[in-house]
Amino acid sequence: MFRVSVCEQEEIEHLSRESSHYSLSTGILPSLGARSNRRVKLRRFIVSPYDRRYRVWETFLVILVLYTAWVSPFEFGFLKKPESPLSITDNVVNGFFALDIVLTFFIAYLDKTTYLLIDDPKKIAWKYGSSWLAFDIISTIPSELAQKIFPKPIRSYGLFNMLRLWRLRRVSALFSRLEKDKNYNYFWVRCAKLICVTIFAVHCAGCFYYLIAAQYHDLGRTWIGASLGDNFLEQSLSIRYVTSMYWSITTLTTVGYGDLHPVNTREMIFDIFYMLFNLGLTAYLIGNMTNLVVHGTSRTRRFRDTIQAASSFAQRNQLPPGLQDQMLAHLCLKFRTDSEGLQQQEILDSLPKAIRSSISHYLFYSLMDKVYLFRGVSNDLLFQLVSEMKAEYFPPKEDVILQNEAPTDFYILVSGAVDLLVLKNGVEQVVGEAKTGDLCGEIGVLCYRPQLFTVRTKRLCQLLRLNRTTFLNIIQANVGDGTIIMNNLLQHLKDMNDTIMEGVLMETENMLAQGRMDLPLNLCFATLREDDLLLHQLLKRGLDPNESDNNGRTALHIAASKGSENCILLLLDYGADPNCKDSDGIVPLWVAMLAGHDKVAKLLKENGANINAGDVGHYACTAAEQNKLNLLMKIVSYGGDVTRSRHNGYTALHIAVCEGNIEIVNFLLDQGADIDKPDVHGWTPWDLAEQQGHEEIKMIFESSKEMKIQSIMSIPEKQETRYLGRFTSEPVIRPAVPDGTDGSWSQSRPRRTTSNFHNSLFGIMSAAHHVKKDILLSIHQPKGVKDSVVNSARVVISCPEKGETTGKLVLLPGSFQELLHIGAKKFGISAAKVVTKEGAEIDDIEVIRDGDHLVFVSDGQIQQETNCRSTQCNGFS
């Protein structure tokens, strides 16, 4: 697991916020081979120019720039000395821009060569100092200070303020950013920019024109003096400003000069240059406004031109009225989708393939998953098909597919409905209808024949189109899925119960049998359809008879499940392995047995099939779970060992006990099943019978033990000596029994019965800690012995084999296992049995009395005395 530091975590959160607000205006386009580090952690105290907080600061400064753009020309033209409150506001605004100068030394900049963010403080300072630093400092000097420092000829109050118009570059950058920002309408951003440019030009021209008149030596010979009189300087500031703006606007719009016009030479020269500037400004405004208006109406103009051209084409070629209506309806629908921003395919085509695939998967995967043709195919194939689908709109009464048309595409209906029509005796007849999720044209594409129907929309429809060539190319790379698709189609034709479709089905099957289909058919497909002729054709082509599907099933598995003897003989003749296993370890012989195809199972057996090649333990457990005794008998008849266990340790006897099936339990015991064989959790069939309260099965187990002991004694076969206890690793210590009980743990333990093996195991495992402890205690508790009773009997033990005939006197232990342990310790042998001095065998501690003489006999001694007796401990209590 990767560990992320706190700093890295904060950076990740910051980058996620940046990506959510990403826009074209903040994007960095790296050079080829270079890497943009806008989203890389910068040095301490260095701020990214794309940081959201810094963007807010820049926006605030733009508002102050708008104030500067108005006040600087005004003070230059109309004021001779500082006046409140403008002078105070100017100094406050200059203070903010002075703060921005300091902040700029900590703002990373974008290197235009490498397109990387530079966060080195020295490089930042050098770049700023060699570019705009001087202009920014000059523009922030207070006007009062500048008026005192400058020489007398240029000591005018407002002249220095004009240097602050340098800040207008921020407004230009703001509008450039807003034009690219998707959150703002482009039309209104452009209009706002044009209005701002016009107002600023009118304002500056009016202020400059007034300054020329105010500084002229003869006030009566000025444009404003001719209007307001020689004493216009005594008029209020607002009257003089409004008069100047009036002149500027009339000159800009070229509707003057009727009342205000230049009088002296200076004014005429200024007017000449101003009107030349107006020519360019007017052209700029008109050109931009025209582009904005034309852009909004160009689609309508192109639509009208297209409609006109289509109408002329139809009339010139004398097309039928119905066909003309279809042409015009399609063009109108196309214009409607374009004008409403529904150019789905155009948008998808402009995106990378991965994004297109993700969008198509999100929009259409659930629909494709329900189409009958793609039932059972892999997710990989379905994803590839969805990625190649093209979405299209069709208006009402438009033909999507024509009867007898070449099969180039087929369609899936997303919304709407279509009619299926056939032409009979020159008259169109409706033979069917397709709705959402249905296919159109798939029969022509997959069966290699002209389209059977004319598909005509009933109302506005959206369809997914898939090209035949693209479809076949995808299927060629997914052979197994191709057979599933073809089988789905043939089954669909069969289920339709239509005379036309029956003919198509028969013709298609003949083509399949003759191998005249380009679809990648395999042996599994032919076997699944029990088409031995097609199977023979495919085998003659050289296909591998042991090829398997996605689950590892071969054609022989499928033939065995279908009971097709001809297919099995063909496959075996061409070298199919009769003992091949699928991904679950299943062999064909077991498949045939499970399906009840006895003839097929016998045929496989005669050709070398062996049930033991598979997981026989799993087969036996399956038969026990299904309570099928005859299936277990079949396994035995074919040479299988039904006492073998599954990979998890469960045997058929475990399952039969849990199912409570006495017949199967008796059969498995007859086959030699071990009632003391534990599973992976340590549970034996005996434990399960006790835990679930199967008293009848316990009686069967007990009788089976007695029979087994007798049979063992009668078989002259030497066997290893084992302890009598069933759990040889348990210490020989008598468990404590709670006060007030009789020592029978198995009777006081809660019981439950179940008819489901897995559920019963779940119950067993959930109670394993307590229940299993009880079982172990009850095993080691001697029958009939109470905790309060102290065994004080004394016995004599001897071993003639070791020369010990007189014997040794010992206290009788509490269990038979302890007695054997004492004998092994005293005489150094592994005793096979314990007998009295008279030769009677002892098999329980309870039959021993005080003063008895016990003789320990080993395996070797038994073989010398008799050839028909051998003893073995079976671990019963």
Side-chain angles (χ1 to χ4, degrees), residues 376-378 475-476 478-491 494 505 508-616 618-619 622 631 634-635 637-640:
V377 302
S378 64
I475 295 301
Q476 291 289 344
N478 298 270
V479 179
D481 290 325
T483 60
I484 295 175
I485 290 175
M486 198 64 196
N487 191 63
N488 289 339
L489 175 67
L490 297 179
Q491 187 63 38
K494 184 177 181 180
L505 177 62
T508 304
E509 288 179 338
N510 291 335
M511 292 176 65
L512 287 171
Q514 299 171 11
R516 293 191 292 112
M517 299 286 283
D518 293 337
L519 282 174
L521 303 177
N522 61 6
L523 300 180
C524 294
F525 171 76
T527 310
L528 190 62
R529 298 188 55 77
E530 301 183 54
D531 193 337
D532 50 0
L533 179 58
L534 175 59
L535 180 63
H536 193 204
Q537 294 284 344
L538 296 175
L539 287 170
K540 287 196 299 183
R541 293 185 194 175
L543 270 67
D544 182 10
N546 293 312
E547 71 176 12
S548 59
D549 59 12
N550 297 333
N551 298 319
R553 294 205 321 164
T554 65
L556 200 59
H557 285 90
I558 299 175
S561 66
K562 293 287 185 179
S564 178
E565 298 182 39
N566 287 344
C567 292
I568 287 178
L569 289 173
L570 276 173
L571 291 167
L572 293 174
D573 290 343
Y574 277 87
D577 182 9
N579 293 314
C580 55
K581 294 185 289 185
D582 62 9
S583 56
D584 295 325
I586 306 299
V587 295
L589 179 57
W590 172 246
V591 175
M593 294 168 58
L594 198 59
H597 302 307
D598 295 335
K599 291 184 178 179
V600 172
K602 184 178 180 181
L603 180 62
L604 288 169
K605 178 68 175 178
E606 293 172 354
N607 286 271
N610 186 1
I611 190 69
N612 291 306
D615 189 354
V616 180
H618 173 70
Y619 305 157
T622 301
L631 197 55
K634 288 181 182 179
I635 296 175
S637 66
Y638 282 102

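- For the side-chain contact (heavy atoms from CB on, under 4.5 Å) criterion with Ile635, the lone passing option out of Val616, Thr622, Leu589 is Val616.
- Looking only at side-chain heavy atoms (C-beta outward), Cys580 and Pro588 come within less than 4.5 Å of each other.
- The backbone N or O of Asn612 lies less than 3.5 Å from a partner atom in the side chain of Asn610, making a donor-acceptor pair.
- Between the CE atom in Met486 and the CD1 atom in Ile475 there is a gap of 11.0 Å [rounded to 0.5 Å].
- Looking at every heavy atom in both residues, Ala592 comes nearest to Leu604 through CB-CD1, 4.3 Å.
- Rounding to the nearest 0.5 angstrom, the gap separating the CG atom in Leu631 from the CE atom in Met593 is 5.5 Å.
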Atom pairs and distances, side-chain donor-acceptor, residues 565-574, under 3.5 Å, sequence neighbours left out:
| from | atom 1 | to | atom 2 | distance (Å) |
| --- | --- | --- | --- | --- |
| Asn566 | ND2 | Asp532 | OD2 | 3.4 |
| Tyr574 | OH | His536 | NE2 | 3.3 |

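- Listed by first then second residue, pairs satisfying side chain to side chain donor-acceptor pair (under 3.5 Å) with a partner in residues 588-607 read Asp598-Lys634, not counting sequence neighbours.
- Rounded to the nearest 0.5 Å, atoms CG (Leu556) and CD1 (Ile558) are 10.0 Å apart.
- Between the CG atom of Asn487 and the NZ atom of Lys494 there is a distance of 10.0 Å, given to the nearest 0.5 Å.
- Remark: side-chain polar atoms of Asn579 are paired, donor with acceptor, to backbone N or O of Gly608 under 3.5 angstrom.
- Residues Asn546 and Ala576 approach most closely at OD1-CA, 3.4 Å, considering heavy atoms.
- The minimum heavy-atom distance between Ser378 and Asp481, with the atom names listed, is OG-OD2, 2.6 Å.
- Legend: side chain to side chain donor-acceptor pair (under 3.5 Å) pairs involving residues 554-563, not counting sequence neighbours, sorted by first then second residue: Thr554-His557.
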